[in-house]
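I have placed the structure first, in the form of structure tokens, so that the comments after it can refer back to it.
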Amino acid sequence: MLRVRCLRGGSRGAEAAHYIGSQLGRSFTGWVQRTFQSTQAAAASQNSCAVDDNKVTAPVPEDCPVCSYNEWDPLEEVIVGRAENACVPPFSVEVKANTYEKNWEFYQKFGGQSFPRDHLKKAIAEIEEMCNILKMEGVIVKRPEPIDWSVKYKTPDFESTGMYAAMPRDILLVVGNEIIEAPMAWRARFFEYRAYRPVIKDYFHRGAKWTTAPKPTMADELYYQDYPIHSVQDRHKLAAQGKFVTTEFEPCFDAADFIRAGRDIFVQRSQVTNNSGIEWMRRHLAPEYRVHTLSFKDPNPMHIDATLNIIGPGLVLSNPDRPCHQIEFFKKAGWTVISPPLPLIPDDHPLWMSSKWLSMNVLMLDEKRVMVDANEIPIQKMFENLGISTIKVNIRHANSLGGGFHCWTCDIRRRGTLQSYLD
């Protein structure tokens with residue numbers, strides 16, 4: 001198989017992009033509507049971009065520090081997030097739409113302030129131990145810069161405080177030797193990229209491709225201000241109708257709504273990833289990669305990797321509580337679909353930004369090694385029955401901030417080649 005490098009990209013200044021977007025204003029709407037129509041047409045096909053596997057493409061330079069095509073090749077280098085200075089995001093409409101009603105009072109009371117400091121201290125210690133274990137497994141670990149996320153900022157369209165740099169998976173997607181910086185959809189995460197710039201610039205200077213997706217203005221028009229959520233039933237109904245808190249005013253997406261399997265990349269339309277954002281990614285990656293849109297029976301879709309997690313060639317975890325409407329696509333391709341066991345995390349443990357299904361949000365170190373929650377014995381046994389050895393780590397307090405091992409990391413380099421696993 002050929003190893004390939006992407007032939008597009010180039011970093012844009014996020015602040016400049018935001019300024020230009022704010023000047024374009026509502027004239028952008030027509031373009032987005034046309035893009036949405038294009039996206040709908042493209043999503044109707046399971047294989048939207050045909051790929052010639054015999055096409056000769058330029059190889060990745062041997063000394064390039066960035067190279068990753070899937071979720072399971074042997075892991076050599078990773079970025080691990082930071083819990084330091086993490087702040088509760090202000091209780092804006094997009095935050096409300098992505099969180100559970102039982103936590104709304106918490107956001108209303110503490111928005112713009114630090115998460116509980118004792119809890120943060122424990123989360124920081126857990127992630128440090130996770131980094132130490134990764135190093136012992138032979139993985140190079142990089143970290144984002146610590147930043148004061150409590151600082152208030154203002155753009156021409158909104159004002160907010162920040163949140164954290166805990167989840168690099170949310171903001172960074174590595175495809176081949178290219179790092180794609182996601183535009184994000186929460187106002188509290190608008191400037192999150194700043195924590196990662198030093199390490200990304202280092203990769204760029206050493207030969208990596210670096211692309212910043214168009215930065216949205218995050219003006220009011222990007223959100224349904226009266227998004228009607230009062231119960232889980234409301235969310236189920238709206239999701240089934242394809243209605244989410246983000247509009248098609250401008251492209252937006254979180255990187256964690258994408259998951260990679262060589263030439264095939266899967267994505268969901270979610271509360272933070274709109275069709276325009278998916279279409280931007282589809283065009284950007286074509287023709288080398290095929291972007292497939294999936295949907296799930298999920299009342300609150302946000303990030304795909306605790307709903308569908310690809311753990312090996314032809315091997316996928318599918319959340320039994322959120323069945324995939326296109327699961328036959330994988331089965332017809334000869335893949336094995338596995339339903340992970342129910343998570344054990346207790347009801348009284350705070351999960352301010354996620355569900356209990358972080359148990360399946362695992363990090364593959366290679367096809368035969370997985371980093372898994374030390375408390376989740378049923379899923380440990382599942383992996384062991386599959387012949388995959390488990391590296392058990394406790395990040396229960398770090399889970400409270402909204403992520404498991406996959407979320408807390410972004411794999412920068414895996415030892416492997418670009419292949420197609422669905423042909």
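Residue numbers run from 1 in the order of the sequence given.
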For the residue pair [X] and [Y], confirm or rule out a side-chain donor-acceptor distance under 3.5 Å.
| X | Y | result |
| --- | --- | --- |
| E71 | H406 | yes |
| T217 | E250 | yes |
| S295 | Q326 | yes |
| N375 | D373 | yes |
| S270 | H303 | no |
| W357 | T307 | no |

Under 6.0 Å between ring centres: does that hold for Y421 and W72?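 Yes: the rings meet the under 6.0 Å criterion.
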
Report yes if the distance between the aromatic ring centroids of F266 and F330 is under 6.0 Å, otherwise no. yes

Run the side chain to side chain contact (heavy atoms under 4.5 Å, CB included) check on E376 and I345 step by step: do they pass? CA-CA 8 Å; E376 295 289 345; I345 191 166; 4.1 Å; yes

Just by modelled atom types, is the [Y] backbone N or O under 3.5 Å from a matching donor or acceptor in the [X] side chain?
| X | Y | result |
| --- | --- | --- |
| D157 | M218 | no |
| D298 | R322 | no |
| S389 | K368 | yes |
| E288 | R263 | no |
| T409 | V80 | no |
| W408 | G403 | yes |
| E94 | R187 | yes |

Have a look at R169 and tell me which of D305, D254, N361, D411 forms a side chain to side chain donor-acceptor pair (under 3.5 Å) with it. D411

Quick one: do W104 and T99 satisfy side chain to side chain donor-acceptor pair (under 3.5 Å)? Show the steps, please. CA-CA 7 Å; W104 288 353; T99 52; 3.2 Å; yes

Would you call [X]-[Y] a salt bridge at under 4.0 Å N-O?
| X | Y | result |
| --- | --- | --- |
| D73 | R415 | no |
| R282 | E279 | yes |
| E181 | K215 | no |
| R189 | D170 | yes |
| E126 | K122 | no |

So if I apply the side-chain contact (heavy atoms from CB on, under 4.5 Å) rule between Y107 and each of P90, S92, P89, which one comes out positive?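 The passing option is P89.
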
Run the side chain to side chain contact (heavy atoms under 4.5 Å, CB included) check on L173 and M281 step by step: do they pass? CA-CA 11 Å; L173 179 68; M281 187 71 88; 3.7 Å; yes

In this structure, which one of F190, W186, Y223 forms a ring pair (Phe, Tyr, Trp, His ring centres under 6.0 Å) with F158? F190

Check the orientation of F106 and F110. Use parallel for under 30°, tilted for 30 to 60°, and perpendicular for over 60°.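 Correct class here is tilted.
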
Students often mix this up, so state it plainly: with edges at 30° and 60°, are the rings of F191 and Y193 parallel, tilted or perpendicular?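 F191 and Y193: tilted rings.
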
Whether K109 engages the ring of F91 as a cation-pi pair (distance to the six-membered ring centre under 6.0 angstrom, angle to the ring normal within 45°) should be assessed. no

